[in-house]
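See below for the structure under consideration.
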Amino acid sequence: MRSTDLLSFALAALVRQKLRGVMLLLAIGISVASVVVMTALGQGAKNFVDNEFAFLGKDLLILLPGKKETTGGLPPITGASARDITLDDMRYLQQQIADIVAAPLIIGTTEASYRARNRQAITLGTSEAFFTTHNLDLIAGQGLPKGAVERAQSVSVIGSDLAAELYPQQSPLGQWLRLDNRRFRVIGVFQSNSSNMGLRLNEAVLIPVASAQALFNTSGLFRLFIQSAGGQSLVRLQQRVIHLMADRHQGVEDITVLRPDALLSTFGDILLTLTLAVAGIGTISLVVAGIMMMNIMLISTHQRASEIGLLKALGADNHTVRAIFLTEAALLSLAGALLGMVCGYLLVALMAWWYPAFPLAVPLWAAVSAFCCAPLVALLFALMPASRAAQKPPVESLRGGAL
């Protein structure tokens with residue numbers, strides 16, 4: 001047979017056996033769609049983690065008081081230290097290390113009110129450097145005043161969502177904002193484009209760190225952010241900071257220094273492994289579809305025994321008979337793969353529309369692998385039934401004997 005004759009013959013055979021073709025088409029389509037959807041979920045989880053860390057600038061270190069070896073707890077959550085990180089520590093690091101940006105942080109919750117409107121708001125005591133380290137956009141007014149961080153000033157910069165809630169019909173600039181029992185003049189409005197690991201900065205209030213120390217009656221810092229501004233190695237900067245802080249604390253290494261890029265890399269490796277795992281689960285469904293194709297083709301070759309015998313009686317050799325069945329399997333698998341790709345992308349688009357906060361995306365490698373593997377798996381499992389049909393003697397086939 002010529003290639004065109006082989007294709008037309010295979011298509012005619014598939015049209016005659018519609019139910020078998022539809023079953024195999026659905027089996028392969030569902031398998032491919034499952035691979036697409038599962039890998040999209042894995043990639044979406046990776047994108048979500050990337051976006052959560054996107055609020056932090058590049059080349060950033062996070063200093064936390066306490067260390068696991070000295071407290072027995074997890075430093076980022078339960079760690080505690082006999083010695084706090086202070087503003088004096090921050091100034092010392094700035095003097096010893098050139099080309100760094102340091103942003104202190106004190107965090108607490110206050111009742112923010114303006115006239116008859118009030119609500120609970122996260123209040124952050126920091127400096128103007130916080131806008132650089134956390135990529136905040138100033139959309140109105142000005143940021144926190146520059147200068148000595150130990151100087152308490154009654155000024156604040158509020159998030160865009162909080163501004164819209166407390167000052168719905170007017171500009172908040174120049175208005176007074178009461179935080180618990182203290183008043184602060186609103187001098188700016190900022191916006192954050194990230195969820196900040198669950199911390200909704202658009203609903204927060206930024207005040208000078210010295211004002212936060214008086215407001216919350218504390219001298220220690222909750223966090224200290226250090227960003228490299230001179231392109232120096234972050235690993236070396238991390239070791240330098242640890243060494244300097246140990247010198248100030250009588251040789252005791254009682255702080256934890258985190259690198260968000262290292263955390264992100266670790267999360268990326270874990271999520272890539274999970275993505276490959278769920279892709280493997282989807283691949284199992286492809287194997288199941290291949291086994292289903294093999295079983296149905298075994299039944300089909302038994303039902304088409306007379307057709308096979310007639311083909312051989314007319315001069316078709318084993319290679320031609322095998323090629324006919326393999327061509328049918330290839331056509332079905334390609335159509336099923338195309339159907340699965342379309343359905344998979346539609347499902348991903350529907351889930352993205354339903355829950356836009358989760359950034360779903362289909363990796364290109366997963367889509368190409370699923371589309372290419374489906375025909376290969378189908379042909380692999382179709383090879384045995386096709387070979388059995390090709391090796392059947394023509395006389396026995398014409399009698400309709402079992403294959």
Side-chain angles (χ1 to χ4, degrees), residues 53 55-108 124-135 144-153 197 199 206-266:
F53 279 91
F55 74 100
L56 295 175
K58 297 180 180 179
D59 302 328
L60 190 71
L61 298 178
I62 305 175
L63 276 66
L64 305 89
K67 194 170 182 65
K68 184 175 181 179
E69 288 80 0
T70 60
T71 65
L74 295 173
I77 302 175
T78 61
S81 174
R83 190 187 296 268
D84 293 328
I85 297 176
T86 65
L87 292 177
D88 290 335
D89 293 330
M90 184 187 75
R91 282 189 291 269
Y92 175 75
L93 293 175
Q94 289 176 315
Q95 293 171 359
Q96 297 296 320
I97 306 175
D99 297 326
I100 62 171
V101 176
L105 178 65
I106 295 176
I107 186 170
L124 306 178
T126 184
S127 66
E128 79 282 355
F130 192 79
F131 286 82
T132 302
T133 59
H134 286 67
N135 294 323
L144 292 175
K146 299 179 180 180
V149 293
E150 66 273 7
R151 180 183 176 189
Q153 300 183 57
M197 300 296 288
L199 183 61
L206 304 183
I207 61 175
V209 62
S211 301
Q213 288 179 324
L215 181 64
F216 298 118
N217 191 26
T218 182
S219 59
L221 301 179
F222 177 70
R223 297 287 187 270
L224 176 61
F225 300 94
I226 296 179
Q227 187 174 43
S228 171
Q232 55 187 312
S233 169
L234 200 61
V235 176
R236 292 182 180 179
L237 179 60
Q238 181 182 19
Q239 295 301 320
R240 177 71 170 156
V241 168
I242 293 174
H243 176 73
L244 290 173
M245 290 297 294
D247 286 346
R248 282 185 61 82
H249 294 180
Q250 289 76 47
V252 179
E253 188 178 326
D254 55 359
I255 65 166
T256 299
V257 182
L258 300 180
R259 285 170 41 208
D261 64 328
L263 294 176
L264 186 58
S265 177
T266 302

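Computed over heavy atoms, backbone and side chain alike; hydrogens, waters and symmetry mates excluded.
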From the list Thr86, Asp84, Leu87, side-chain contact (heavy atoms from CB on, under 4.5 Å) partner of Leu221 resolves to Leu87
If you round to the nearest 0.5 Å, how far is [atom2] of [Y] from [atom1] of [X]?
| X | Y | atom1 | atom2 | answer |
| --- | --- | --- | --- | --- |
| Ile106 | Leu224 | CD1 | CG | 11.0 Å |
| Leu124 | Phe130 | CG | CZ | 5.5 Å |
| Thr132 | Leu60 | OG1 | CG | 11.0 Å |
| Ile255 | Glu253 | CD1 | CD | 7.0 Å |
| His134 | Gln227 | NE2 | CD | 10.0 Å |
| Ile85 | Leu105 | CD1 | CG | 11.0 Å |

Handout entry: Residues which pass salt bridge (charged side-chain N to carboxylate O under 4.0 Å, His left out) with Arg248, listed by chain and number, not counting sequence neighbours
Key =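 Partners of Arg248 by the salt bridge (charged side-chain N to carboxylate O under 4.0 Å, His left out) criterion, ordered by chain and then number, come out as Asp89.
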If the condition is side-chain contact (heavy atoms from CB on, under 4.5 Å), which residues does [X] pass it with, not counting sequence neighbours?
| X | value |
| --- | --- |
| Arg259 | Leu61, Leu234, Val235, Gln238, Asp261, Ala262 |
| Ala152 | Ala210, Ser211 |
| Ser219 | none |

### Polar side-chain atom of Ser127 near backbone of Ala103 as donor-acceptor pair, under 3.5 Å
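Here the side-chain-to-backbone pair does not exist.
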### Query
Does Thr126 use its side chain to pair, donor to acceptor, with the backbone of Pro104 at less than 3.5 Å?
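Yes; at least one donor-acceptor contact below 3.5 Å.
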| field | Student check: side-chain heavy atoms of Leu64 and Arg223 closer than 4.5 Å | value |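 The answer is yes, as the side chains (C-beta and beyond) meet within the 4.5 Å cut-off.
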Check [X] against [Y] and note the closest heavy-atom contact, atom names and distance.
| X | Y | result |
| --- | --- | --- |
| Ala212 | Gly125 | CB-CA, 3.4 Å |
| Glu128 | Leu144 | CB-O, 3.6 Å |
| Pro145 | Gln153 | CG-NE2, 3.5 Å |

Going by atom type alone, with no hydrogens or angles, which donor-acceptor pairs under 3.5 Å involve a side-chain atom of residues 91-102 and a protein atom two or more places apart or on another chain?
from  : atom 1 : to     : atom 2 : distance (Å)
Arg91 : NH1    : Glu150 : OE1    : 3.1
Arg91 : NH2    : Asp88  : OD1    : 2.4

